[in-house]
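Okay, so here's the structure we're looking at.
A note on names: the letters A, B, ... follow the listed sequences, proteins ahead of strands, and every chain is numbered from 1. Only a predicted model underlies this, so the values are computations on that prediction, with no experimental measurement involved.
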Number of protein chains: 2
Amino acid sequence: MKVLIIEDDPLHRSYLHEAVRAALPECDTVLEAENGHAGEVQARQSRAEHVVMDLQMSERNGIEAARTIWRERPDTKILFWSNYSDEAYVRGVARIVPEGATYGYVLKSTSDERLKLALRGVFIESQCVIDREVRGVQQKSLGTAHGLSDAEYEILVDVALGLTDKAIAQRKKLSLRSVQNRLQQLYEKLDVYEEPGNGPEGWYNLRMRAVAVALLRKVLNASALERGERELRSARGNEAH
Amino acid sequence: MKVLIIEDDPLHRSYLHEAVRAALPECDTVLEAENGHAGEVQARQSRAEHVVMDLQMSERNGIEAARTIWRERPDTKILFWSNYSDEAYVRGVARIVPEGATYGYVLKSTSDERLKLALRGVFIESQCVIDREVRGVQQKSLGTAHGLSDAEYEILVDVALGLTDKAIAQRKKLSLRSVQNRLQQLYEKLDVYEEPGNGPEGWYNLRMRAVAVALLRKVLNASALERGERELRSARGNEAH
DNA sequence: TCTTGTCTTGCGGGAACCCGCAAATTTTGC
DNA sequence: GCAAAATTTGCGGGTTCCCGCAAGACAAGA
């Protein structure tokens, strides 16, 4: 049995190495990669079917890497080990996990014990192991309360990238008014409308404010933006305008 | 000699502890705190004059903590040890270091050797030790090329928080048109104007796009936004409107 | 003092945004 | 298959944003 570790912080990498050694005596080789890109290459070459990886990495982030790994071998078992339970990350992971794949999501702040349990659970027992805190975010992000639908989330990203309503309409093949409708839903859900009587009426630019709130609440984060920007650029290229 | 370590990742904390022990034999006590808030309390109680801290922490981030520590004892020597050299962090630190204080800024990716040198340099020799990469960002952020002036940066934050032009004008005690002028400078510097002939003219909402670009280039980041939001709220409170 | 440069302010207009209203269309549930 | 519910679309308007133009305000320097 082979395990591939993808993590850019050397300290955390060696800690993971230890944990894998301790939790999985049946594992004979442990491979390491120090960023998402190297990780993809390693996974391809070594045919490792067990991967534990960080989400936030400089060269290429974990979500990207996981996606290509899963695209090539959808039965790979991946344990995500992240510092954050930002909604944007959780949503990002949920978005790419293929049908029936087994994976896990634990926070770096969990105990050694829980990490080892997760390693065995995901790699040996083929269970999906997801930390409580993360699960909480997941619920919230799907629940109706102030969770955004996929459609709303996508529009949020487009807006955050700085596209105009017209541009979004074109991209999403919708009418201008539909885009604006979705925007209004977004404003509603993100609770952007100011309570009356708190200063002059026009304090906020709703469009900007919605993005600010999303960033503050971690519904959106920098890496989600980067992903969006990349998609935008490639889409723009394909248009052959 | 006492040294206080403020860092929320336990692995990094113990690594720092080791490094301090090894680099500073003259140090007799090493204290630890696991977030910015606890760090401030520890600093006050222990009267430690030597602090090494992380910048990105959950409970209270390093910049906040450093500011209150320096406010109470401006001669404290602080070594910042961070994962990132985001312009927003570098600018944030530069913004709070008091006149004549000695401090350092090294990245977590530097070698053990350099970290130890920095520890001795800052704590023993009272030098300012700043990593090359960070220095690069510092230059850039001050240089005219695409560095923002303080005025522009502040407006950028206000816009990113979602304030309208009018609200900003009021806040900054400027006329509406002046605010818009500064915005135009911002658009210019962030290079938001699209090259003609690349799709329809009106692809971008300049206001949003400027913020998106700033985020992508790390001129702005989530923690800068949070800081801005907090200031905004307190200012709003004081207005007694 | 007069010039030169930078910064601020006012005016005006075109474009984009925000949104209520209502008809057309699609989706959902039985 | 049909009615209810949810989405999409068009129209119209009020508001804000973006910015060219030009007139004051202020500082530095010949």
Practice prompt. Please name the pair of heavy atoms, one in A/Y105 and one in A/Y84, separated by the smallest distance, quoted to 0.1 Å.
Written response: OH-O, 3.0 Å

Worksheet entry | Whether over 12 other heavy atoms sit under 6.0 Å from A/R132 CZ | no

Practice prompt. Could you state the atom-to-atom distance from CG of A/L174 to C1' of D/dT7 in whole Å?
Written response: 10 Å

Worksheet item: Is there a donor on the side chain of A/Q180 or the base of C/dC19 sitting less than 3.5 Å from an acceptor on the other?
Response: yes

Please enumerate all protein N or O atoms sitting under 3.5 Å from an N or O of nucleotides 21-27 of chain C, with distances to 0.1 Å.
unit_1, atom_1, unit_2, atom_2, d
C/dC21, N4, A/R177, NH1, 3.2

Item to complete: Could you list the residues that satisfy side chain to side chain contact (heavy atoms under 4.5 Å, CB included) with A/M53, not counting sequence neighbours?
Response: A/I6, A/V51, A/A65, A/A66, A/I69, A/I78, A/F80

Practice prompt. Please name the pair of heavy atoms, one in B/V213 and one in B/L190, separated by the smallest distance, quoted to 0.1 Å.
Written response: CG1-O, 3.7 Å

Response to the item:
Rounded to whole Å, the CG-P distance (B/L183 to D/dT16) equals 16 Å

Worksheet item: Reckon A/R182 has a side-chain N or O less than 4.0 Å from the OP1 or OP2 of D/dT8?
Response: yes

Discussion item. Quick check: closest heavy atoms across A/V52 and A/W81, and the distance to 0.1 Å?
Written reply: CG2-CB, 4.4 Å

Discussion item. OP1 or OP2 of D/dT7 versus the side-chain N and O atoms of A/S178: is any pair under 4.0 Å?
Written reply: no

Practice prompt. Take the protein atom CG of A/N205 and the nucleotide atom C1' of D/dT15, then report the distance between them rounded to whole Å.
Written response: 11 Å

Discussion item. Classify A/L176 by what it touches in the nucleic acid, base, sugar-phosphate, or nothing, heavy-atom distance under 4.0 Å.
Written reply: nothing

Worksheet, complete the sentence: Considering only heavy side-chain atoms of A/S175, the closest of D/dT9, D/dC18, C/dC19 is D/dT9

Worksheet item: Separation of B/R207 atom CZ from C/dC18 atom P, in whole Å?
Response: 11 Å

Worksheet item: Starting at CD1 of A/I155 and ending at C1' of D/dT8, how long is that distance when rounded to a whole Å?
Response: 12 Å

Fill in: Nucleotide nearest B/T164 when distance is taken to its side chain, options D/dC19, D/dC17, C/dA16
D/dC17

Practice prompt. Round to the nearest Å and state the distance from A/Q184 atom CD to D/dT8 atom C1'.
Written response: 13 Å

Practice prompt. Starting at atom CG of A/L206, determine the distance to atom P of D/dT16, rounded to an integer number of angstrom.
Written response: 11 Å

Item to complete: Kindly give the heavy-atom pair with the smallest separation between B/T110 and B/V106, and that separation in Å.
Response: OG1-CB, 4.4 Å

Worksheet item: Choosing from C/dA16, C/dC18, C/dC19, which nucleotide comes nearest the side chain of A/K166?
Response: C/dA16

Fill in: Residues forming a salt bridge (Lys or Arg N to Asp or Glu O under 4.0 Å) with B/R227, sequence neighbours excluded
none

Worksheet, complete the sentence: When rounded to whole Å, the CG to P distance for the pair B/L163 and D/dC17 reads 10 Å

Discussion item. Can you tell me if A/Y204 touches the phosphate of C/dC17, counting only side-chain N or O atoms and a distance under 4.0 Å to OP1 or OP2?
Written reply: no

